[in-house]
2 protein chains.
Amino acid sequence: MKDQEWLAEILQVKDEEKLTDKQKKIIAAAIEIFSEKGYSASSTSEIAKRAGVAEGTIFRHYKTKKELLISIVGPIMAKLIAPFIIRDVDKVLKKDFDHFEDFLRAMIENRREFIKNNLPVLKILLQEIPFHPELKELFMEHIAKKLYERFKRVVEHFQKKGELIDMPSNSVIRLTASSIVGYLLAKYILLPDARWDDEKEIERTIAFIMHGLGAKQSF
Amino acid sequence: MKDQEWLAEILQVKDEEKLTDKQKKIIAAAIEIFSEKGYSASSTSEIAKRAGVAEGTIFRHYKTKKELLISIVGPIMAKLIAPFIIRDVDKVLKKDFDHFEDFLRAMIENRREFIKNNLPVLKILLQEIPFHPELKELFMEHIAKKLYERFKRVVEHFQKKGELIDMPSNSVIRLTASSIVGYLLAKYILLPDARWDDEKEIERTIAFIMHGLGAKQSF
DNA sequence: TCCCAAAATGAGTGATTACTCACTTCGATA
DNA sequence: TATCGAAGTGAGTAATCACTCATTTTGGGA
């Protein structure tokens, strides 16, 4: 783990709780080990050892191992959609962006830093969601649903403006999200060691989406 | 587990080994439990119990738990690229497909059934690849690399034909794969319970790719 | 300096883990 | 039908698991 900016970021979320020095070390160690071996294959004894802490200290602050997982992975979900909540999307639509293209560019730029800084935690989230129904519901109900609703309004706004193709918004969202998530997944997970000309790749991705969904033709 | 066509499919690969009845039950149980709880959280005792077999029987056929995992997940990789190996891609290009579009359609159609029948095993593969270097290398070296090479030749073929945009083949592949994998992931993993008008969604996806990468303009 | 609640400790708990092995059962062949 | 290697068994093993708790250490206010 060369880079530990994510620690600062996740701790910032939890600052209100005034964490002990050892608590911070526990969280840091847990993130490292969970993302290296997966939640189930990680033992509390190993986390304690890497944190330089007695095993009992972990259970003083977290009743169970799963509570430790959720305390790590929960806060990241809120931050994931924060920029879509804080500024109301309607205002964003009417003032800031003349074109869908600009909206996409701003969104990618906005979330890129966040993803880079929180990569290990996002990896854990992605890995564990299928196996923890509480996590899945937390994500689906409070994150995916809201993200979907807001994105849908953006899409329909630009469809009415005649900028986007006349296609069910579900499909527009799926195709747009696939392209963007595909880029992020390739860059950060599949081929993290490859050389990436990020600016060009992002522009290619945006151009691809706009040509694919532009309102030149109908289906 | 309503549908168990995948059992027939994976056993078909292993037929040469003349598996015992109990061996088949072990494999079936292991696939179910691995895909339900993940490899690490699955115990050999539970697998034995669900297979209706003594725990020792598992270790008569597989030295370790990990060997059982690999015996399940390994063969599926070969089948994943089989259609790209059996018929040489060059012949496919020169005879069967006049347009990139037709190639995409045939590829999606071809792999759809396979993915449907092998979903639990593919889920296990996807989940466990990050944590098992042997698996990762097996996949990267023998599957991803070959798939990439062949796909690259297809893309460059249609670029020379003037059908595809003048863009680095890496980016063309990334954008195409994102769109297709995005559709399959959404249909089978993210929203398996939603109603899908598959024919329309596939046509939308292909049209999206062709408009996005068609040779009308250059970058 | 004393005090005390919160923080931290680490030996100890029973349960569960992957895996072993001496033994029994099975089934094809001679 | 007798034989023999492979298939199957299940009690047993040491190690490790998440978690507990009586006890000690710590740090800030009086």
Side-chain angles (χ1 to χ4, degrees), chain A residues 11 14-74 124 127-128 131-135, chain B residues 11 14-74 124 127-128 131-135:
Chain A
L11 289 180
K14 305 199 132 214
D15 247 346
E16 47 189 354
E17 299 171 32
K18 302 231 172 189
L19 299 175
T20 308
D21 218 62
K22 306 224 166 190
Q23 287 196 56
K24 293 178 198 168
K25 282 181 181 169
I26 289 171
I27 290 176
I31 292 175
E32 281 185 24
I33 295 179
F34 283 164
S35 75
E36 280 169 18
K37 337 172 57 165
Y39 169 78
S40 278
S42 305
S43 72
T44 50
S45 77
E46 194 185 348
I47 293 171
K49 194 183 281 178
R50 188 170 311 187
V53 145
E55 203 173 344
T57 308
I58 294 177
F59 292 96
R60 178 133 317 256
H61 299 288
Y62 308 95
K63 276 177 237 163
T64 63
K65 186 185 160 192
K66 182 172 275 192
E67 199 178 287
L68 173 59
L69 170 69
I70 291 175
S71 88
I72 286 171
V73 130
I124 297 170
Q127 276 288 333
E128 297 305 327
F131 304 126
H132 307 270
E134 330 91 294
L135 269 188
Chain B
L11 290 179
K14 306 199 133 216
D15 248 347
E16 47 189 355
E17 301 171 32
K18 303 229 170 190
L19 299 174
T20 309
D21 219 62
K22 306 221 165 187
Q23 288 197 56
K24 293 177 197 168
K25 281 180 181 167
I26 289 172
I27 290 177
I31 292 175
E32 281 184 25
I33 296 178
F34 283 164
S35 75
E36 279 170 18
K37 338 170 61 164
Y39 168 79
S40 276
S42 305
S43 72
T44 51
S45 77
E46 193 185 349
I47 293 171
K49 194 182 279 178
R50 187 170 313 186
V53 145
E55 203 174 344
T57 309
I58 293 178
F59 292 95
R60 175 133 319 255
H61 299 289
Y62 309 95
K63 276 177 237 164
T64 63
K65 186 185 160 192
K66 181 172 277 193
E67 199 178 290
L68 172 60
L69 170 69
I70 290 175
S71 88
I72 286 171
V73 130
I124 298 170
Q127 276 288 331
E128 297 305 328
F131 304 125
H132 307 270
E134 331 90 291
L135 268 188

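Each chain gets a letter, A, B and so on, in the order its sequence line appears, and its residues count up from 1.
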- Query: Quick one: bend of the helix from C/dT1-D/dA30 to C/dA30-D/dT1 from 5 pairs per end, to 10°?
  - Reply: 10°

- Note on the structure: dist A/T64:OG1 -> A/I58:CD1 (nearest 0.5 Å) comes out at 11.5 Å

- Can you check whether B/I70 reaches B/H132 side chain to side chain, under 4.5 Å on heavy atoms? no

- Message: Can you pull out the residues from residues 40-58 of chain A that lie within a 4.0 Å heavy-atom distance of DNA chain C?
- Response: A/V53, A/A54, A/G56, A/T57

- Task: At the 4.0 Å heavy-atom cut-off to chain A, mark where contacts on DNA chain C begin and end, going 5' to 3'.
- Result: C/dA7 to C/dG10

- Message: I'd like to check A/I47 versus A/L68 (side-chain heavy atoms, cut-off strictly below 4.5 Å). Are they in contact?
- Response: yes

- Between B/K66 and B/R60, which is nearer to the 5' end of DNA chain C once each is assigned its nearest nucleotide? B/K66

- Note on the structure: So the contacted stretch of DNA chain D, first to last nucleotide with an atom under 4.0 Å from a non-hydrogen atom of chain B, runs from D/dA7 to D/dG10

- Task: Provide the full list of salt bridge (charged side-chain N to carboxylate O under 4.0 Å, His left out) pairs with a residue in residues 52-67 of chain A, sequence neighbours left out, each pair given once.
- Result: A/K66-A/E134

- Can you measure from CD1 (B/I124) to OG (B/S35) and round to the nearest 0.5 angstrom? 5.0 Å

- Query: Heavy-atom distance under 4.5 Å between the side chains of B/I72 and B/Y62, does that happen here?
  - Reply: no

- Message: Quick one, A/I26 with A/T20, criterion side-chain contact (heavy atoms from CB on, under 4.5 Å). Give me CA distance, side-chain angles, the key distance, then yes/no.
- Response: CA-CA 10 Å; A/I26 289 171; A/T20 308; over 6 Å; no

- Query: Are the side chains of B/H61 and B/T57 in touch, meaning some heavy atoms are under 4.5 Å apart?
  - Reply: yes

- Message: Holding to side chain to side chain contact (heavy atoms under 4.5 Å, CB included), I want the full list of residues that pass it with B/K49, two or more places apart in sequence or in another chain.
- Response: none

- Tell me, do B/F34 and B/V73 make a side-chain contact under 4.5 Å, heavy atoms counted? no

- Query: Where the side chain of B/E46 meets the backbone of B/I33, is there a donor-acceptor pair that is under 3.5 Å apart?
  - Reply: no

- Query: Quick one: NZ on A/K37 to CD on A/Q127, what's the gap to the nearest 0.5 Å?
  - Reply: 14.5 Å

